[in-house]
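Structure, as structure tokens:
Quick note: numbers below take in every heavy atom, side chains included, and nothing from hydrogens, waters or symmetry partners.
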Amino acid sequence: MTPRTPSSGSDPKQPAEAAGPERTGAGQPPAAPAKKAVKKTAAKTAKKTAGKPAPAKKAPAKKTAAKKATAEQTAAAKKTAAKKTTVRKTAEKAPAKTATKKTAAEKVTAKKTVAKKAVAKKAVARKAVATRAPARTAPAAEVTETGQETLPEIPATAVALSQEDRDRLLAGTHHDPHSVLGAHRVPGGVAFRAFRPYALGVSVVAGDRRADLRHDGDGFFSGALPLADVPAYRLLVAYEGTVLETEDAYGFLPTLGELDLHLIGEGRHEQLWQALGAHPTVHQGVSGTRFAVWAPNARGVRVAGTFNFWDGTGHPMRSLGGTGVWELFVPGIGEGELYKFDITRPDGSHTLRADPLARRTEVPPATSSVIHASRHEWGDEEWLARRAERPAHEAPFSVYEVHLPSWRPGLTYRQLAEQLPAYVKDLGFTHVELMPVAEHPFGGSWGYQVTGFYAPTARLGDPDDFKYLVDALHQAGIGVIMDWVPAHFPRDAWALAEFDGRPLYEHSDPLRAAHPDWGTLEFDFGRREVRNFLVANALYWCEEFHIDGLRVDAVASMLYLDYSREPGQWTPNEHGGRENLDAVAFLQEMNATVYRRVPGVVTVAEESTAWDGVTRATHHRGPSGFGGLGFGLKWNMGWMHDSLQYMSQDPIHRKYHHGEMTFSMVYAYSENYVLPISHDEVVHGKGSLVSKMPGDWWQQRANLRAYLAYMWSHPGKQLLFMGQEFAQGAEWSETRGPDWWLLDPNYGAAADHRGVLDLVRDLNSVYRASPALWTRDVHPDGFEWITGDSADDNVFAFLRRDADGTPLLAVSHFAPVVRPDYRIGVPDDVPAWLEVLNTDAARYGGSDVVHPDPVKPEPQHRHGRPASIRLTLPPLATVWLRPA
């Protein structure tokens with residue numbers, strides 16, 4: 001469950017757009033200079049060069065340029081003439097072939113050579129863009145001494161952008177920038193348009209041809225070449241002090257195909273993370289990164305990041321039809337670049353948002369997304385091949401719950417991989433359960449308020465580092481379950497809340513959207529794209545990170561419309577009931593999809609009510625009329641609450657609470673259960689597990705040992721939170737973690753704590769070797785009471801049976817006295833019983849009242865059975881016996 005502390009990933013008093021790009025973290029490049037400052041610099045440079053003698057051939061070029069301008073542009077052309085001279089001089093610094101005067105025959109030969117080179121180049125690197133190759137040309141343009149061509153005689157109205165397009169691009173509201181930027185055929189040739197804020201000049205290089213583009217103001221550049229077809233070309237962009245040669249981002253086809261868009265629109269893209277987000281790739285023969293984001297209410301979306309100094313003005317994305325997806329391929333950038341999406345809201349304001357499908361993030365409290373490509377090579381093939389051999393509810397399943405950042409504070413994923421698998425393997429647990437590892441801004445939330453659903457927290461390393469940890473656990477024979485939080489998300493202004501200016505991931509009804517307990521927002525499970533986001537997220541962790549199970553947090557808060565709400569604060573469903581039908585459909589879809597696509601994975605519900613059919617198949621309807629939710633296992637919160645209530649009582653009063661220990665068997669087979677002693681039970685003033693026990697220090701430890709053995713023998717799987725395996729006295733703190741010093745041999749009471757640790761190791765060892773304790777966990781024939789009504793004696797005795805009927809006898813005695821010759825009824829077909837575990841053994845810190853020799857039944861009726869054995873019951877202890 002989520003602690004009540006609100007998220008604080010960013011200053012909650014300061015909206016993201018007000019804070020600006022500085023909020024992305026320290027060390028980023030400064031913001032780009034303002035446009036006025038750039039103009040002023042350019043004018044200053046032009047003024048300095050005005051008095052210098054111009055090259056002999058420059059005058060005709062200026063004359064030609066003036067002739068091409070329309071009457072309305074004549075004044076502007078004169079005003080920018082000096083600036084153009086400076087731009088050309090800057091651009092001349094870029095590498096280019098110098099043209100020389102040639103005869104007509106030489107020109108023809110040169111053109112043929114260029115054409116041949118272009119065709120060869122196209123065949124290798126431009127197969128996808130056949131129309132880009134240089135082809136037939138119109139009458140040759142004038143060539144200057146430097147080899148630069150003057151612009152052809154094409155009307156400026158056919159080349160320059162319209163005022164409407166300029167305004168929309170500047171405002172960030174253009175839905176199709178590719179239709180106006182880049183290269184396009186026009187009457188008489190090919191027009192080139194570039195939008196490069198802060199650039200001093202832009203030139204087009206196509207094969208051996210190169211031409212300057214006119215600066216049309218506000219960072220817009222346009223021009224034309226006398227070509228019949230769009231060529232393969234690059235841009236030379238001159239900034240103050242440097243010239244950048246690059247591919248044009250607006251010369252590429254979309255990176256998403258029709259099938260991707262169809263599946264996204266239908267809410268059925270099961271590998272959504274491969275379509276949306278940021279992906280380094282080679283597109284049309286060019287290396288770069290493709291960006292895609294779902295923002296259907298946005299008037300425009302731009303990409304901002306370290307590669308453009310956090311000014312996305314020059315990188316507008318295109319809208320891909322009615323899907324609400326925006327896309328852009330940016331050439332020349334790759335892994336490690338930081339980025340966000342600059343979204344223009346419906347009201348025209350802007351918001352800078354982290355990528356909902358970012359696969360890597362900055363280390364909190366920084367909030368930027370990071371371009372990432374995985375290079376991890378897995379070594380867990382053997383584990384994956386056999387994990388589906390037996391379903392979880394019929395297999396040994398004992399879980400060690402871990403909060404990774406505090407298990408050994410300061411360790412990274414890779415350092416944890418050197419210690420955690422060895423520790424868990426030594427104790428014999430079959431699985432670890434990791435408290436949420438998805439990125440979250442506030443560490444005090446323990447990961448239950450997620451902002452980066454597709455990114456492991458960067459606090460401990462990058463995504464490949466986390467894969468390394470999972471891989472190490474698998475190679476040690478340990479399964480990995482992770483907490484998954486699809487119920488809600490925090491309100492941070494840089495994350496999912498009103499992502500594109502309107503409710504998107506959250507419900508549009510404020511009463512349905514606001515989570516009443518945690519100050520967060522609930523997902524809109526009725527929207528197909530939101531369900532797709534979450535279902536794909538579940539698959540993402542299982543497929544990309546080889547996760548073996550998902551423990552789904554706060555399921556009860558999803559299932560009920562009136563959860564923590566008073567009358568008048570909720571609206572009944574279409575049938576007049578309190579069930580959230582959208583959430584039911586989502587959970588069914590998620591479970592069905594995960595089990596279909598990833599064999600061997602188990603889903604576990606943290607569901608605290610008596611909802612019917614949590615672990616029933618989705619296609620099987622129950623008495624309520626609903627199909628099952630489709631989970632594999634469910635946390636047994638009732639058992640946890642009742643048993644801890646019993647154990648907290650002084651032994652003299654326990655007989656009055658006897659039913660709290662036996663009631664769990666009334667409903668034990670209604671679901672497939674996990675018995676959880678989780679982090680929730682050892683925080684917020686509840687104290688640690690051993691501190692809940694009554695009596696002095698010896699009695700507290702004895703109670704704890706007896707309780708753990710009772711838990712391991714009770715029908716259901718087991719989960720124990722870190723630190724409780726060695727009787728930590730203090731409750732857990734995420735800033736401190738377990739008190740490992742209690743196990744230091746130099747500590748005087750270390751033996752007491754090591755005794756409990758040794759018991760947990762032996763519990764797991766005997767448990768895994770005793771099929772009676774796990775094969776029939778969900779079948780009534782796997783359990784049989786011997787005595788469940790010995791309240792005055794504080795005794796519970798029962799049999800567990802495996803598939804062949806072989807029994808294991810468990811006897812728990814929760815009184816602090818020794819009871820000699822206590823008769824326990826047993827089956828008469830077992831000739832002798834052998835003690836395999838006794839929590840009172842001296843090596844665990846007990847009084848060593850044990851049974852070293854086999855115990856033979858006597859033909860004396862007891863507990864309704866024809867035979868019985870006599871045991872000396874140790875004080876506050878549990879004893880396990882099996883047929884000798």
If the condition is side-chain hydrogen bond (donor to acceptor under 3.5 Å, both in side chains), which residues does H641 pass it with, not counting sequence neighbours?
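In terms of side-chain hydrogen bond (donor to acceptor under 3.5 Å, both in side chains), with neighbours along the sequence ignored, H641 is linked to no residue.
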Once you measure the plane-to-plane angle for [X] and [Y], does it fall in the parallel (<30°), tilted (30-60°) or perpendicular (>60°) bin?
X	Y	result
Y710	W639	parallel
Y423	W740	perpendicular
W446	H679	perpendicular

Is a side-chain donor or acceptor of N794 paired with a backbone partner of P651 at a separation under 3.5 angstrom?
yes
Name all residues meeting the ring pair (Phe, Tyr, Trp, His ring centres under 6.0 Å) criterion together with F586; count only those two or more places apart in sequence or in a different chain, and write none if there are none.
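By the ring pair (Phe, Tyr, Trp, His ring centres under 6.0 Å) rule, F586 matches F525.
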According to ring pair (Phe, Tyr, Trp, His ring centres under 6.0 Å), who are the partners of Y669, at least two apart in sequence or on a separate chain?
none
Give a yes or no on whether a salt bridge exists between [X] and [Y], defined as a side-chain N under 4.0 angstrom from a carboxylate O.
X	Y	answer
D426	R761	yes
R387	D548	yes
R551	E401	no
D777	R800	yes

Which atom names give the shortest non-hydrogen contact between S664 and M661, and what distance separates them?
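Closest heavy-atom pair between S664 and M661: OG-O, 3.7 Å.
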Is there any ring pair (Phe, Tyr, Trp, His ring centres under 6.0 Å) pair reaching into residues 833-883, and which pairs are they, with sequence neighbours excluded?
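Sorted result for residues 833-883: empty, none.
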How would you list all residue pairs meeting ring pair (Phe, Tyr, Trp, His ring centres under 6.0 Å) that involve residues 596-624, not counting sequence neighbours?
Y560-W611, W611-F626
Between the side chains of Q699 and N703, is a donor N or O closer than 3.5 angstrom to an acceptor N or O?
no
Got a sec, which residues hit side chain to side chain contact (heavy atoms under 4.5 Å, CB included) with A877, two or more places apart in sequence or on another chain?
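Result, side chain to side chain contact (heavy atoms under 4.5 Å, CB included) vs A877: N838, T839, D840, P874.
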